[in-house]
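For reference, the structure is listed below as structure tokens.
Each chain gets a letter, A, B and so on, in the order the sequences are listed, and its residues count up from 1.
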Amino acid sequence: MDEKYFAKKIESKWQKKWAADGTFEAEVDDAKPKFYQLEMLPYPSGNLHMGHVRNYSVGDAVAWYKRLKGFNVLHPIGWDSFGQPAEDAAIKRGVNPREWTEDNIRSMRGQLERLGLSYDWRRQMAAHRPEYYKFDQWFFLKMHEMGLAYKKKTQVNWCETDQATLSNEQASGGICWRCGNPVTKKDLEQWFLKTTAYADRLLDDASEIEAGWPASVMKRQRDWIGRSTGAFVDFTIAESDVHTTDSGDNDDSPSGRKPEFVRVFTTRIDTIYGVNAIVVAAEHPLVMRHISLMPEDVLAKIQQIRAEQMNPTDHETEAIKDGIDTGLRAINPFSGDDVPVWVGNYVMMNYGTGAVMSVPGHDERDFEFARKFGLPIERVIQPRIDAEQRGSEGEENSALESAFTEYGVLVNSGEWNGKTSDDAKREMTEFAANHGFGEAATTYRLRDWGISRQRFWGSPIPIIYCDTCGTVPEKYENLPVELPDTAPFTGTGESPLAKVPEFYETKCPNCNEPARRETDTMDTFVDSSWYYFRYLDPNNTEVPFDTEKAAYWTPVDQYIGGDDHAVMHLIYTRFWTKVMKDLGLVDFDEPVKRLLTQGMVVGETFFDDSTGKRIYYPPSNVTVERDPKGKVVSVRSNDGKELKNAIERMSKSKGNGVDPDEMIDIYGADAARLFVLFAAPVDNELVWHEAGIEGAVRFLQRVWRFVWKWQNVSSVPPAVAGGVVAAMDVVRSETRDAPPATAGGTERARTLRMKTHQTIKRVDDNLGALQFNTPVAALMELSNAIYDIKVEPADASPDEIAAVREAVSALVLMLTPFAPHTAEELYANIVGNDNGILANGGRFPEYIEELSKASEIEIPVQVNGKLRSRIFAAPDADEDALQTMALADEKVREYTDGKEIVKVVVVPNRLVSVVVKG
RNA sequence: GCCGAGGUGGCGAAAUUGGCAGACGCACUAGACUUAGGAUCUAGCGUCGAAAGACGUGCGAGUUCGAGUCUCGCCCUCGGCACCA
């Protein structure tokens, strides 16, 4: 051990050692409890960024913590290596996507290794390798057999910038998930996975994982699935001689020919007597059927609305209601009234039935629409009112100032008057069903998952089109359908594979006649839906993974990643798991027991308002002026211009990115890791300040210096040579049996031991609760306490040496999850061998409660709620004793003398509160 | 607009869940050592005040011996969704 802390030297030493020893290689072992620690796998862009560093430092801390607690820990990593950037590189720079990807994986693996992350590298998977994507295809075929994979022509989300289709999840908010540009619509023939078939299970199984997942993620998933229960109701079209078997787009309708009708979905059938119109989407089949009879101006308006709905969503103009009366009329099956049929821009074809019953009295949108077009507004629900008010007649007919959307009691609703909304909903739905004009219904916001991508760099969809046999799945024994080495890359929206005859020309698996392969590839979110099962059995060539291995390791105990995947990846992977359960591959419904979403790492930049030029903060790029208290008064560029600050997501274009390699080079991996864990609570945003990482180095150096100073002393008793745990046993028996020391040095020893054991408990509790900033603070406090003992090794008494030795051993072991290289090196120094913490049987230090307690504790005394004094008492002193002491206290008496004591509240070990009067 | 999370020193944050607000770190101030310090060590660091002390967790009320924490009403910030019938 060197006297000085050289991060680079010890980091490379232990990284080599771990790799050579296979320290983090895990195997199934029924004798040990398992722990599957997983972090979201990176896309191999070529460079690690600070967000990765944070994500993987957190995961590594958990993995180490669990190892020290005696778990058999599986901690793998891999590569989400299919996807657009590789193809973009091919288009722009003519490189081969495979070589580009492999190069990036190589360099990023180097970066991960330099961080010293404790992965079992033997299990690495990469999505773009045939041995992996073979099983994407395998799953696709299984889902095809199960009827979960199907093809249909539909309007898809299309990103003009990326020239690519997007799933609904990827186009959330009308914005492309990758490039952030607005999304348009396009008609395409696409393969879909039937996620909607699992909508109920996705919702209902959520209760199993609720406790371990962030509430916000659960909520966003629920909102995304968007289940609403209500009813379909059919309104017959008046004076129409058209007959229909359904409302056009709905397969669930009753069979048999009936007069033309329009089917609406409503969650509020109890308001049906308040219907003033039927409003349908511009593309609704009803409109299509009657289009020839409509006047010019109506058609023009419908065209206009249709065009607006096709365009990228503009949230500014969206709120303005627009519509036109089609001239058709529909009959309300409950009241018998006939109402106009309108086209409205606020009704969307892709939700419910594309038609709504407009009830302006009790729906805000309908209210706004009715106001604008002067349609009648009637009250049919009245708030529940008290008995004495019930008689007042005016209520029922009073004009509505705004829509009343709550539940209440029905009025103006014929025979249903007086029913509550709840009762009416149930009874009216039944009534509609019995009379054949409606039924109970549930609709979802969730859509099926469109997985076709007109891209080269993805898993080919294993389907063959044959002129005689039609759409034919590839045979399992022919998997993988391999990508060609290269293709003509244009990025124009057609799959490059469609230009590679060697790829698409094939024989039909059925009839052996010439046939054509599907040339679209799968969405990369397919790869990430099941990758963590592949880690369990990465070399299996027959099936995705061995079910027995999965039975031991899965589900994932702890998953960590960014919350930008709250909807996309995490819904897909939950869906995939449920499919795997139905296939008999796993026996659980939910793949991830606990989920932690870490906050973003952001950078601070300063910019010149006039030019918009950004300057990244620390390395002497700017001059910071502060007042004597340290508050920033101004920041100037080196040429004297006043700058404004901005905290933004780190990115190349903003020039505020921080290169992990550079940080490792300057400060060391341990310091970088320690800092990201310490700087902020894990779910908060983290503003990267280089000064902070210097603080982390200082802490490590302090610990280092301390061990150096005490190293000769700490190896004195031969009994200690067996290791830290043994050392601590010795220390424990030395002091436990000894009478409580009272004088001089031994008092110091006792205080330090107390701090040591309090720290053990705090760090254990905090890590167990997935907090990382607070245990680091606790370790810093312990290090300060060791420092504060202020005894030179030569002058220390035996129990002081023992106490210091115990404190140092505990500190070093508990440092492992945060700064493993430093901890390993210090530990090696303490035990006198280089075998490593785990090989030596190092464990998380044991907490001994009795040692954590002070012999005397300070108890604050309040008089009338204000802190007036402190008394010292033995722990667990009884209430009477504390009260007597408190009332006898000189300072307390200043406030109580001559006054009446009304009440004394005593909280043992906490406080005494005296209430006086007069 | 709706939903969710949150507002604590100059900054990042703690606070045993109703019990000494500001632990720990950064920044800052003073001093020591030093040829030097962007190293290290010592001390200080919520506001006002010379001190005693008073005030202090977005604002206003309330419950309580006692409120950062609980209740009610406002204000603000950040995220998500955005006509979901």
B:G12 phosphate, OP1 or OP2, under 4.0 Å from A:N684 side-chain N/O:
no

A:K866 NZ to B:G19 C1': how many Å, rounded?
17 Å

Here the distance between atom P of B:C83 and atom NE2 of A:H362, to the nearest Å, is 23 Å

Hey, is the side chain of A:T774 poking within less than 4.0 Å of OP1 or OP2 on B:A23, counting only N and O atoms?
no

Any idea which of B:C65, B:C24, B:U40 is nearest the A:V905 side chain?
B:C65

Partner of B:A13 by Watson-Crick or G-U wobble geometry, both contacts under 3.5 Å, or none?
none

Quick one: label A:T443 by what it contacts on the DNA or RNA (base, sugar-phosphate, nothing), any heavy atom closer than 4.0 Å.
nothing

With both distances under 3.5 Å as the test, what is the Watson-Crick or G-U wobble partner of B:U77?
B:A5

Out of B:A85, B:G25, B:C26, minimum distance to the side chain of A:A691 belongs to B:C26

Need one value for A:V264: base, sugar-phosphate or nothing, where a base atom within 4.0 Å counts as base even if backbone is also close, heavy atoms only.
nothing

Against the side chain of A:N773, the closest entry in B:G4, B:G80, B:A13 is B:A13

Look at the side-chain N and O atoms of A:S228 and state whether any lies under 4.0 Å from the OP1 or OP2 oxygen of B:A85.
yes

Give A:D765 one of three labels, base, sugar-phosphate or nothing, depending on what nucleic acid heavy atoms sit under 4.0 Å from its own.
nothing

Check every strand shown and say whether A:R447 touches a base, only sugar-phosphate, or nothing at a heavy-atom separation below 4.0 Å.
nothing

Taking A:V861's backbone N and O only, do any of them form a donor-acceptor pair with A:S869's side chain (distance below 3.5 Å, no angle check)?
no

A:E283 bridged to A:R306 by N-O distance under 4.0 Å:
no

Salt bridge between A:K761 and A:D765, side-chain N to carboxylate O under 4.0 Å?
yes

For A:G695 and A:G865, take the nucleotide of RNA chain B holding the closest heavy atom to each; which residue's nucleotide lies nearer the 5' end?
A:G695

Closest of B:C24, B:C3, B:C41 to the A:K219 side chain is B:C3

Pairing partner of B:C48, by Watson-Crick or G-U wobble and under 3.5 Å for both distances, is B:G53

Would you kindly give the CD-to-P distance between A:E781 and B:U16, to the nearest whole Å?
14 Å

Cationic N near anionic O, under 4.0 Å, A:E210 to A:K219:
no

Between the side chains of A:N784 and A:R702, does any donor sit under 3.5 Å from an acceptor?
yes

Considering every strand shown, what is the Watson-Crick or G-U wobble mate of B:C41 when both distances are under 3.5 Å?
B:G31

Proximity to the side chain of A:R870 - top-ranked nucleotide from B:C20, B:G12, B:C84
B:C20

For B:G4, does either OP1 or OP2 sit under 4.0 Å from a side-chain N or O belonging to A:R222?
no

Would you please confirm or rule out a distance under 4.0 Å between OP1 or OP2 of B:C65 and any side-chain N or O of A:K917?
no

Short N-O contact, A:R268 and A:D363, less than 4.0 angstrom
no

Please determine, for the side chain of A:Q862, which listed nucleotide (B:A85, B:U40, B:G66) has the closest atom?
B:G66

Could you please name the partner base of B:A21, counting Watson-Crick and G-U wobble pairs only when both distances are under 3.5 Å?
none

Any base atoms under 4.0 Å from A:R698, or only sugar-phosphate, or nothing? Heavy atoms, all strands.
sugar-phosphate

What nucleotide among B:C20, B:C83, B:C24 has an atom nearest to a side-chain atom of A:P860?
B:C20

Please work out whether the ring planes of A:H362 and A:F404 are parallel, tilted or perpendicular, with thresholds of 30° and 60°.
perpendicular

To the nearest Å, give me how far apart CG (A:L867) and C1' (B:C65) are.
14 Å

Taking atom CZ of A:R263 and atom OG1 of A:T353, what is their separation to the nearest 0.5 Å?
8.0 Å

When the C1' atoms of B:G58 and B:C75 are compared, how many Å lie between them, rounded to an integer?
7 Å

Is there a Watson-Crick or G-U wobble partner for B:G62 with both distances under 3.5 Å, and which nucleotide is it?
B:C70

A:R445 side chain, from C-beta outward: closest of B:C84, B:A85, B:C41:
B:C84

Residue whose closest nucleotide on RNA chain B lies nearer the 5' end, A:Y351 versus A:A778
A:A778

Remember a base hit wins even if backbone is also touched, and classify A:E858 as base, sugar-phosphate or nothing at under 4.0 Å, heavy atoms.
base

Syn or anti for B:G7, given that syn means the glycosidic angle lies within 90° of 0?
anti

What is the nucleic acid contact for A:R702, judged by heavy atoms within less than 4.0 Å: base, sugar-phosphate only, or nothing?
sugar-phosphate

Look at all strands and tell whether A:G226 reaches a base, only sugar-phosphate, or nothing, counting heavy atoms closer than 4.0 Å.
nothing

List the steps, then state whether side chain to side chain donor-acceptor pair (under 3.5 Å) holds for A:N332 with A:Y273.
CA-CA 8 Å; A:N332 183 332; A:Y273 277 78; over 6 Å; no

Identify whether any heavy atom of A:V915 sits under 4.0 Å from a base atom; if not, whether one sits that close to sugar-phosphate; answer base, sugar-phosphate or nothing.
sugar-phosphate

Name the closest nucleotide to the A:T267 side chain, picking from B:G25, B:A85, B:U40.
B:A85

Report which part of the nucleic acid A:M357 touches: base, sugar-phosphate, or nothing (heavy-atom distance under 4.0 Å, all strands).
nothing

Considering every strand and a 4.0 Å limit on heavy-atom distances, what is the contact class for A:R220: base, sugar-phosphate, or nothing?
sugar-phosphate

Anti or syn - B:U17, cut at 90° from 0
syn

Tell me which nucleotide among B:C81, B:C65, B:G53 gets nearest to the side chain of A:R868.
B:G53

